[in-house]
Amino acid sequence: MAEPLDNTASAKQRFDTVLIANRGEIAARIQRACRELGLKTVAICSEADKHAPYGKAADGLICIGPSNAAKSYLNQDAILLAARLTGAGAIHPGYGFLSESAAFSKAVENAGLVFIGPEASSIATMGDKISAKRAMIAAGVPCVPGPDTSLPGVAAAVERIAQEIGYPVIIKAAGGGGGRGMRVVPEADALHEAIALTREEARQAFGSPELYMEKFLEHPRHIEIQVLCDAHGNAAWLGHRDCSMQRRHQKVVEEAPAPGIAPDVIHSVGLACVKACRQIGYRGVGTFEFLYENGAFYFIEMNTRLQVEHPVTEMTSGIDIVHAQIRAAQGEPLDLRQDDVRCDGHSFECRINAEDPDNFLPSAGLITDLALPQEPGIRVDTHIHAGYRVSPYYDSLIAKLIVHAPTRAEAIAKMRAALAATRVDGISTNLPLLRALFEDEAFARGDMDIHYLEQWLRQRRTA
Amino acid sequence: MSAIDLSDPATIAVLTDALIAAGVDGLEITKAGGHLRIVVSKGEGARVSLIGNAQPDFSAPLVAIVKAPMAGRFCASHPSAPAEAEHLPRAVSDKDVIGFLRIGFVLLPIPAGRSGLLTRRLTEPDALVGFGDPLCEIEPLQ
């Protein structure tokens, strides 16, 4: 690890009350971590979430707006007001909503509060895909072939870049993310139309028409590296995850470690991520996302927040990532060295969504009964209970089922048993789909890429 | 899903409040047993018409609940106002200020929103309230 810098203004910030600016399972998860650290919590809610269990369990609860997220969980002023009224000293943004908003991070700090996450400048750097790529190249992190500059407006220059990269290429919005604002170009004839369409989409969706171009990888896996940094220049990577099982760019099943990747290969990538964190002065937890194809890693983006799938890394590393994140925000130095980080056994996480397993339409309503497995090696992160009403206003994630076992095969067997023991009555969930997926032979072999789940679903529909 | 009783004054009051809060001018619901129409007219409160077999029991007063428009600490009156300003029940017009939300040094006035008789406060003075929390009850003037 690097020598402690201890030169940041935020290096010694203490607080005893955390406002959790989020909802659902992650609000409950953060609340648990705060309790374990002896911190008080303030829950915020919209009108739709007034009866959520984590609200009742919090030391303070305040409704900040109507059910529409734009007027509640995305309302920066309402959240800051709630923090002021309740005397909270820090705000944990969770994931989604305002968690990757540089403006929100800055507004929190300007209000004299601690943002439990990176500084606004880090979020801004990594939120812009072009500046992120530039920072990664500078740190020696492997990136997808393509220039680290935005696309020029001159048609001939764009054609030249595409020729140099080699078709197929992908056009992406610099301010995009989450699978939106991108278009694959298989050959030269489709280039200019794809650029025009993506530029307009980027302008409307992200407020900036800036685009960039990369080589399109046809059968990659999605691999992530979890990092943890303090405010003193110390950083470590905690392991890697495979999140290739996706539908419409939304992860469905995640696992740690990523199967079939040589430790020495991933080790060098992990160290490059740590180096990049130090170079941009990163604080807190973060995730580097890569495409992995033919034994090579290609950086795609960094998520400057807690990930939904952080539990699989917690299960294999034994490190409580939310604890570590809060401690880092309190200015404590990292209490582990890279050599202390281990990866024991194998972990899977299934996202249980309130949705129809066949057509994936959201399924809101009353949960009439609920059975969740409780055994060693099984963890359920959730906020639901029998009698809970699933709201139609938000993301359909209602629970995360996580298992840990000595080997991948044993973890699959444990997840099969855990899924069989899980029952959610009154609404539709994707449990039938998850149970079928864990019986799939190719999945059991670890033989999949980011397109596998979509293909598997198509085959099931036509079978 | 349970059937909604369109003749229930409480249901009508909830729907009316929702329309006012959302800035919607009116609502019509047609069911086998009847037809409910709520028209929100500016300043006059809501006008309700109901056609069909079921008729609402308007013998009980249609109580309107004034809700907090945002988070803050509830004050029943301005700090400089005389004590009698807090006296209940009292007649109010839609533009009358029936309380304040204190946010730091700022006092946000809360208008009654409708004419009627301010009968009851539902929040203790200086209590922390959130968006949508009930503050006061207003009954129609007889």
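By convention in this document, chain letters (A, B, ...) are assigned in the order of the sequence lines, proteins followed by strands, and residues within each chain are numbered from 1.
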Could you check whether atom CZ of A:Arg84 has more than 12 heavy atoms from other residues, nucleotides or ligands sitting under 6.0 Å from it?
no
Over all heavy atoms of both residues, which pair between B:Arg102 and A:Leu85 is shortest? Give the atoms and the distance, please.
O-CD2, 4.1 Å
So which of A:Ala78, A:Ser46, A:Cys45, A:Cys63 has the biggest tally of heavy-atom pairs under 4.5 Å with chain B?
A:Cys63
Out of curiosity, A:Asn75 CG to B:Phe131 CZ, how far, rounded to the nearest 0.5 Å?
10.0 Å
For B:Leu128 versus A:Ile62, what's the shortest heavy-atom pair and its separation?
CD1-CD1, 3.8 Å
Which atoms of A:Ile64 come close to chain B, meaning under 4.5 Å heavy atom to heavy atom: side chain ones, backbone ones, both, or neither?
backbone
Evaluate the side-chain proximity of A:Lys50 to B:Asp133: yes if any heavy-atom separation is below 4.5 Å, no if none is.
yes
B:His78 atom NE2, neighbour heavy-atom count above 12 within 6.0 Å
yes
Under 6.0 Å from the OH atom of A:Tyr95, do we count more than 12 heavy atoms belonging to anything else shown?
yes
Answer yes or no: are there more than 12 heavy-atom neighbours, outside B:Glu124 itself, under 6.0 Å from its atom CD?
no
NZ of B:Lys67 to CD of A:Glu47: how many Å apart, nearest 0.5 Å?
6.0 Å
Could you pull out all residues at least two apart from A:Arg29 that satisfy salt bridge (Lys or Arg N to Asp or Glu O under 4.0 Å)?
A:Glu314, A:Asp320
